[in-house]
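Scroll down for the structure; my scribbles are underneath it.
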Amino acid sequence: MTRHALHANRNPSQALGKQMIDPHLVTAQPEAVKSRLAIRNAEAVAAVEPALRADVERRELQTALDQQRAERNAANDLMRKLDKKSPEFAANRDRLRALSDQVKSGEERLAALELSRDTLLQNVPNLPHESVPAGGGETANVVISTWGERPSYDFTPKAHWDLGPELGIMDFERAAKISGARFTVLLGAGSRLSRALAQFMLDLHGSRGYREMNPPYLVRREAMIGTGQLPKFEDDAFKTMGENELFLIPTAEVPVTNYHRDEILDGERLPIKYCAYSACFRAEAGSAGKDTRGLIRQHQFEKVEIVKFVTPETSYAELESLRSDAEEVLRQLGLHYRVVALCGGDLGFCSAKTYDLEVWLPGQDAYREISSCSNFEAFQARRAQIRYRPAGDPKARPRLVHTLNGSGLAIGRTVVAIIEQFQRADGSIDIPAPLQRYMNGQTRITREGSA
RNA sequence: GGAGGAGUGGCCGAGUGGUUGAAGGCAACGGUCUUGAAAACCGUCGCACUCGAAAGGGUGCCGGGGGUUCGAAUCCCUCCUCCUCCA
């Protein structure tokens, strides 16, 4: 870490790449950009034209202004050589004063134009990768693979919101008393199971080349902008009151990706891989009425996140291996799941391609997302200015890295999956073998005494 | 909570109003030399925007923002970050 990078503190609109999509691409090939965005939706396509027009205007002024500046600079050069007491000096100074004012007002107009162009460009989402299926809604998503057998039961499997409280390891009612809706208290073996999962996941990813990181849970606005949560999705975030504004992280992706913000990484070191456990906080704005039962959709949950910084050439191969690393958690736990490639309409704003891992929840007779693995290509890196110098070519200019991340996995949802998939007729739960060593050898969860 | 100090290119570090995009050093790269390497010597070596088919121009950038001035890395204000000391 250099002192420069540590202390860099520029205005977000300057420090962070000013826009997310490659502005040159939009200007040079607007039609190609539009046709790629059509895989998402009409709104994305419509965002291109206004940004394009604003950029043309900006460029015209830029050119004109640069000429004025050149003129002023040349005149200024003259001033240096003139005798300060001569009448020429005074005359020239007056002329320069006017020129200077002219430049200044041009600079103001340019700043305004840049701002409006940037704002418009920030409405343009990332281009979907060519392999992304077109269409909108969950029905257009494509199932890539399915792992394991869907378990069968000689009784009617229960949902975790019944099993958990019956076993005395989950308390929704008291959680609501303390914190309101969308919070859950885990108790006894439930709490231990959650903790065991965190450790198991971190150890697993650690053994597969991810460096473990324990990041801050509160971050500055710049960090949220860097990973794309802001400015568009401010309503989804919790933030602190008062003059020291900080945001509660919605995912460890935010601090971990921003860890290398404003840096030029050594190409030799890529790929750089991290795994991080953290609590996550989401306001879940706009999800009223969705998943109101159980702990599927909470304001606070825990997650182990895996993050990669890679070269553009390797990012799609790295996406496959990242997905496989996330899948490995489910495989070792023996949980039945499937892999889905998200269609353009379901793709996140910053993502070029996303796989969801969906675990089977027999209590709900449904597959539910337990991990989302995405390649953001240079979209986040451009905003956060994360670059690298290609290995073996020290003269090469710095290039933007590609960033990827995925849940590995969402811990609460894994608890749910274990409870639902490994339930027995008597209501007890089998603990998967890899977790037992993290739970003092406990093999089953049975009804616990509670107040 | 109070008082000071600091932030310059990939890194270190000069520079207190004009010829400074910025000395010097390190690292890196090209070359000379060498059987090869090292050392030595010579040369190259920031990022971005913009004009141009290209060659090559122009402009901006010395933590961020604003101000003074004909002109700011340099003076003033403010914010951020780090360091030291005091309570």
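In the text below, chain A, chain B and the rest are named by the order of the sequence lines, each starting its count at 1.
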*Euclidean distance, atom CG of residue A:Asn76 to atom P of B:rU69 [Å, nearest integer]*: 14 Å

*asked:* Under 4.0 Å from OP1 or OP2 of B:rU50: is there any side-chain N or O of A:Arg58 that close?
replied: yes

*side-chain N/O A:Arg93 vs B:rU69 OP1/OP2, d < 4.0 Å*: no

*Span that lies between the C1' atom of B:rU69 and that of B:rC83, in whole angstrom*: 33 Å

*Across all strands, who's sitting opposite B:rA14 as a Watson-Crick or G-U wobble pair, both distances under 3.5 Å?*
none

_Tell me whether the side-chain N/O atoms of A:Asn73 come closer than 4.0 Å to OP1 or OP2 in B:rU59._
yes

*Rounding to a whole Å, what distance do you find between A:Arg59:CZ and B:rG58:P?*
21 Å

_Looking at A:Tyr274, I'd like to know if the NZ or CZ of A:Arg211 sits under 6.0 Å from its six-membered ring centre while staying within 45 degrees of the ring's axis._
no

*Can a side chain N or O of A:Arg117 be found less than 4.0 Å away from OP1 or OP2 on B:rC49?*
no

*Considering just the side-chain nitrogens and oxygens of A:Arg220, establish if one lies under 4.0 Å of OP1 or OP2 belonging to B:rU81.*
yes

*Given B:rU50, is OP1 or OP2 found less than 4.0 Å from the side-chain N or O atoms of A:His24?*
yes

_Let's test this: given Watson-Crick or G-U wobble pairing with both distances under 3.5 Å, identify the partner of B:rA28._
B:rU44

*Residues A:Ser324, A:Ser321; criterion side-chain hydrogen bond (donor to acceptor under 3.5 Å, both in side chains); working and verdict*: CA-CA 5 Å; A:Ser324 163; A:Ser321 75; over 6 Å; no

*Test A:Tyr388 against A:Arg399 for side-chain hydrogen bond (donor to acceptor under 3.5 Å, both in side chains), laying out the working first.*
CA-CA 5 Å; A:Tyr388 74 101; A:Arg399 301 166 68 198; 2.8 Å; yes

_Carboxylate-amine/guanidinium contact A:Glu57 A:Arg53, below 4.0 Å_ = no

_Measuring to OP1 and OP2 of B:rG71, would you say a side-chain N or O of A:Ser100 lies under 4.0 angstrom away?_
yes

*A:Arg69 side-chain proximity, nearest of B:rU59, B:rC70, B:rC49*: B:rU59

*With respect to A:Leu295, which candidate in A:Met170, A:Arg413, A:Arg182 satisfies the side-chain contact (heavy atoms from CB on, under 4.5 Å) definition?*
A:Met170

*Pick the P atom in B:rG21 and in B:rG36, then give their distance to the nearest Å.*
44 Å

*Who pairs with B:rU84 - Watson-Crick or G-U, where each distance is under 3.5 Å*: B:rA3

_For B:rU20, the Watson-Crick or wobble partner whose two distances fall under 3.5 Å_ = none

*With both distances kept under 3.5 Å, what pairs with B:rU34, Watson-Crick or G-U wobble?*
none

